[in-house]
Trainee: 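Quick one: this structure, given as structure tokens, is what I'll be asking you about.
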Amino acid sequence: MTADAQTKLVLVVACALIDADGRVLLAQRPEGKSLAGLWEFPGGKVEPGERPEQTLIRELAEELGVVVEEPCLAPLTFASHRYETFHLLMPLYVCRRWTGIVTGREGQATRWVRPAALRDHPMPPADEPLIAHLVALL
Ligand code: 9L3
Ligand code: MG
């Protein structure tokens, strides 16, 4: 078997919440997690048996106190990045309608960012190529 065939595939799903002014929500990965301090599109690992939309609804509630209805989640593109020990595949959804007040429930900082300022935020390598897709949309 080649090294490639052994590379573990990790499915993570992320979401760009977009507010009425066209700003995008970024969350800073907290101390103690991998890639701490980097700004990401919020989301998390797809658990066995979940569809990505269910994962996002769960993660956005757990991490940010945001309540999203499934029809408000629209797929935009995918991120794919090869880390040393795994291959991360990450669909990016966009969402313009939610309820609840954004709160970093795991102590993480959150920030509403104008499209032109997204590149000023250091991001995990998987997230960075997603910016161009978002900017084209906004
Ligand atoms: N990850 C990258 N960009 C993102 C998210 C939500 C996650 N926007 C990466 C970081 C970790 C892996 O996916 O390597 C799993 O994420 P977590 O469960 O540590 O948040
Ligand atoms: Mg997460």
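One-based numbering, in listed order, for ligands and for the atoms of each. For the single chain, residues carry numbers from 1 onward in sequence order.
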Trainee: May I ask you to decide if S34's main-chain N or O and R29's side chain share a donor-acceptor pair within less than 3.5 Å?
Mentor: yes

Trainee: For ligand 1, does F86 get within less than 4.0 Å through its side chain, its backbone, both, or neither, judged by non-hydrogen atoms?
Mentor: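 The answer is the side chain of F86.
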
Trainee: Nearest 0.5 angstrom please: D19 CG to R114 CZ, how far?
Mentor: 8.0 Å

Trainee: Which atoms of the protein, restricted to N, O or S, are nearer than 2.8 Å to the Mg ion (ligand 2)?
Mentor: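 Near the Mg ion (ligand 2), the protein supplies G43 O, E63 OE2.
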
Trainee: Assign the ring pair Y83 / F86 to parallel, tilted or perpendicular, where the plane angle (0 to 90°) is split at 30° and 60°.
Mentor: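 Judged by the thresholds at 30° and 60°, the geometry between Y83 and F86 is parallel.
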
Trainee: Can you list the atoms of ligand 1 that are under 4.0 Å from a heavy atom of G43?
Mentor: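 In order of number, 6 (C).
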
Trainee: Give a yes or no answer on whether the side chain of T55 reaches the backbone of E53 with a donor-acceptor pair at less than 3.5 Å.
Mentor: no

Trainee: Considering E40, E59, K45, E63, which one's heavy-atom position lies nearest to atom 1 (N) of ligand 1?
Mentor: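 Shortest heavy-atom distance from atom 1 (N) of ligand 1: E40.
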
Trainee: So is M123 in contact with ligand 1, going by heavy-atom distances below 4.0 Å?
Mentor: no

Trainee: Mark yes or no for whether R105, through its side chain, and A61, through its backbone, hold a donor-acceptor pair below 3.5 Å.
Mentor: yes

Trainee: What protein heavy atom is closest to atom 15 (C) of ligand 1, reported as residue, atom name and distance in Å?
Mentor: V12 CG2, 3.9 Å

Trainee: Taking only heavy atoms of M90 into account, list the atoms of ligand 1 that are under 4.0 Å away from them.
Mentor: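 The atoms of ligand 1 under 4.0 Å from a heavy atom of M90 are 3 (N), 4 (C), 5 (C), 8 (N).
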
Trainee: Using a strict cut-off of less than 4.0 Å between a Lys/Arg side-chain nitrogen and an Asp/Glu carboxylate oxygen, indicate whether E50 and R58 qualify as a salt bridge.
Mentor: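 Here E50 pairs with R58 in a salt bridge, since their nearest N and O are under 4.0 Å apart.
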
Trainee: Taking side-chain contact (heavy atoms from CB on, under 4.5 Å) as the criterion, tell me which of V66, L64, L73 meets it with W98.
Mentor: V66

Trainee: Can you find a pair of side-chain heavy atoms, one from R111 and one from H121, that are under 4.5 Å apart?
Mentor: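 Heavy-atom side-chain distance check passes, below 4.5 Å.
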
Trainee: In terms of side-chain geometry, is the basic nitrogen of E70 or R51 positioned less than 4.0 Å from the acidic oxygen of its partner?
Mentor: yes

Trainee: Under 3.5 Å between some N or O of ligand 1 and some N or O of R29?
Mentor: yes

Trainee: Begin from the C-alpha positions of F41 and L134 and carry the test side-chain contact (heavy atoms from CB on, under 4.5 Å) through to its verdict.
Mentor: CA-CA 11 Å; F41 300 106; L134 261 182; 3.4 Å; yes

Trainee: Mark up the atoms of ligand 1 that fall under 4.0 Å of a heavy atom belonging to K33, in ascending order.
Mentor: 20 (O)

Trainee: Polar-atom distance check: L88 versus ligand 1, any N or O pair below 3.5 Å?
Mentor: no

Trainee: Using a strict cut-off of 4.0 Å, indicate which atoms of ligand 1 neighbour a heavy atom of L35.
Mentor: 10 (C)

Trainee: Determine whether Y93 and V13 make a side-chain contact, defined as any pair of heavy atoms from C-beta on separated by less than 4.5 Å.
Mentor: yes

Trainee: Could you see which bit of V10 sits under 4.0 Å from ligand 1, with heavy atoms only: side chain, backbone, both or neither?
Mentor: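 Neither part.
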
Trainee: Would you say D127 and ligand 1 have an N/O pair spaced under 3.5 Å apart?
Mentor: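 By distance alone, the answer is yes.
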
Trainee: Quick one: which ligand 1 atoms are inside 4.0 Å of a heavy atom on F41?
Mentor: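 Answer, ordered by atom number: 4 (C), 6 (C), 8 (N).
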
Trainee: Is the side chain of E63 donor-acceptor paired with the backbone N or O of L60 at a distance under 3.5 Å, no angle test?
Mentor: no

